[in-house]
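Working notes for the structure below.
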Amino acid sequence: MTPIYRIAAAGAVALALAATGTACSPAGAKPATTSADGTTSLTVTLAPIVDAAPLYMAQEKGLFKKHGLDVKITPAPTMGASIPALVSGAAQIGVLANVDAMQASAAGIPLRLFGATTVTTDKPAQDTGKVYVAKNSPIRELSDLNGKTIGVSGLGGAGELSLRVALDKSGLDSSRIKFLEVPLDSMLNSLERGQVDAINTISPFTNGAEAAGARYILSPGAVAVPHALQFVLATTEQFLSGNRTTVEKFKAAVDEATAYAAKNPDAVRALLPSFSGTPKDLAAVMQLPEFNSDFTADRARIWSELITKYGFVKGKIDVDTLVVPKA
């Protein structure tokens, strides 16, 4: 199994809009089915990445069953592919990158966010995303990046946005920097060949960069968006309206698993290879995200305000509608 790390939000939004036929109504938000013993069946779509570990943990530990749910996890081929799966009705709940969800909402897709598995850290050393330059690079200070080219895994997504914000906060001018889309598994090679001056990569690719002698220079997320929602639980407005109790049960199970993951990182590392394709030796040392289920509108607004300010959406992000209030 190949690990999935790349976000393709724009394409996912286009597919989701095509699935609806319009920009405002899901094509088939299938209702949850309940068996004679009271168990409700759900299909969940997600990319099998570390941020989704609490869901696999909830399944392994019987937490879904504890809350009366029979959950089928359907791995998505990319992180953005879960959005059209939700809209088409192929799945009732998904795990999405928060920025992807907000961009989809601004495009008119009626998503609703009701929980979180990970948030961004305020500690640079613990940030899962980091910027590196080659070991022999003439770039010695962050200010040397002005006018240079930085490789990013996707244009128009969370990685580019947080990097632009972090650079501007650090006194640079992100408009003077070129951002080049480079697949994560090709970034180190691009850096070593001089095709880019720096790379903005994520765990576990950070381990490979450091092993090759690349020099760390910045942790964008910790600088730009500390304490913001990172990966969120999402459903459609249509499914939520008829299945709120089921959604609340699902959230309760995932919240319990997320709290366990936060306190037991070794359990996450042991589970990760079974669903993500991450090798055991890499799972044992890679930087884990901050598992945290503290889901609030304020955490969502950290991103929404920046997405709008930097022009990463054309429409409006209505956070008060997008974020489902706590029951």
Side-chain angles (χ1 to χ4, degrees), residues 2-11 47 49-51 78-80 97 99 120-121 123-225 230 276-279 281-289 310 312:
T2 302
I4 297 174
Y5 296 101
R6 188 173 176 184
I7 297 175
I49 60 172
V50 63
D51 299 79
T78 67
M79 284 191 266
V99 171
T120 53
T121 181
K123 300 176 178 62
Q126 296 177 21
D127 196 343
T128 53
K130 293 182 174 70
V131 177
Y132 295 91
V133 296
K135 59 182 177 181
N136 297 321
S137 171
I139 297 171
R140 311 306 301 182
E141 299 178 355
L142 195 57
S143 59
D144 295 334
L145 285 174
N146 269 331
K148 303 299 184 182
T149 299
I150 303 178
V152 296
S153 63
L155 297 174
E160 182 192 350
L161 177 59
S162 62
L163 179 54
R164 283 186 180 275
V165 175
L167 291 169
D168 290 339
K169 278 189 172 184
S170 300
L172 284 77
D173 181 357
S174 64
S175 67
R176 293 180 55 199
I177 295 172
K178 180 180 178 181
F179 298 88
L180 180 67
E181 186 167 342
V182 180
L184 282 164
D185 56 5
S186 300
M187 277 196 180
L188 183 57
N189 183 55
S190 294
L191 182 65
E192 293 175 338
R193 291 169 65 91
Q195 296 168 333
V196 294
D197 301 296
I199 55 173
N200 182 34
T201 191
I202 60 173
S203 179
F205 296 97
T206 50
N207 296 74
E210 291 169 3
R215 286 188 288 109
Y216 163 83
I217 199 166
L218 178 69
S219 295
V223 173
V225 286
Q230 189 151 303
S276 71
T278 304
D281 57 344
L282 190 53
V285 297
M286 65 181 278
Q287 178 64 54
L288 298 179
Y310 279 76
F312 275 54

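Contacts classified as salt bridge (Lys or Arg N to Asp or Glu O under 4.0 Å) and involving residues 143-154 (residues at least two apart or in different chains) are not found. The salt bridge (Lys or Arg N to Asp or Glu O under 4.0 Å) contacts involving residues 198-224 comprise nothing, where partners must be two or more places apart or lie in separate chains. Sorted by first and then second residue, the salt bridge (Lys or Arg N to Asp or Glu O under 4.0 Å) pairs with a member in residues 153-179 read Glu160-Arg164; sequence neighbours excluded.
In this structure, Ala212 and Leu188 approach most closely via the heavy-atom pair CB-CD2, 3.8 Å. Residues Tyr132 and Ile217 share a closest heavy-atom pair of N-CG2, 4.4 Å. Closest of all the heavy-atom pairs between Ala283 and Thr278 is N-CG2, 3.8 Å. Nearest heavy atom pair, residue Gly221 against residue Asp127, reads N-OD2, 3.0 Å.
Between the OG atom in Ser190 and the CG atom in Asp197 there is a gap of 11.5 Å [rounded to 0.5 Å]. Considering OG of Ser276 and CG of Asp51, their distance stands at 11.0 Å, rounded to 0.5 Å.
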Stepwise side-chain contact (heavy atoms from CB on, under 4.5 Å) test for Ser170 and Val223: CA-CA 8 Å; Ser170 300; Val223 173; 4.2 Å; yes
Check against side-chain contact (heavy atoms from CB on, under 4.5 Å), Leu218 and Leu163: CA-CA 9 Å; Leu218 178 69; Leu163 179 54; 4.0 Å; yes
Stepwise side-chain contact (heavy atoms from CB on, under 4.5 Å) check, Thr128 with Gln230: CA-CA 11 Å; Thr128 53; Gln230 189 151 303; 4.1 Å; yes
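The closest side-chain heavy-atom distance from Leu288 to Val50 is below 4.5 Å.
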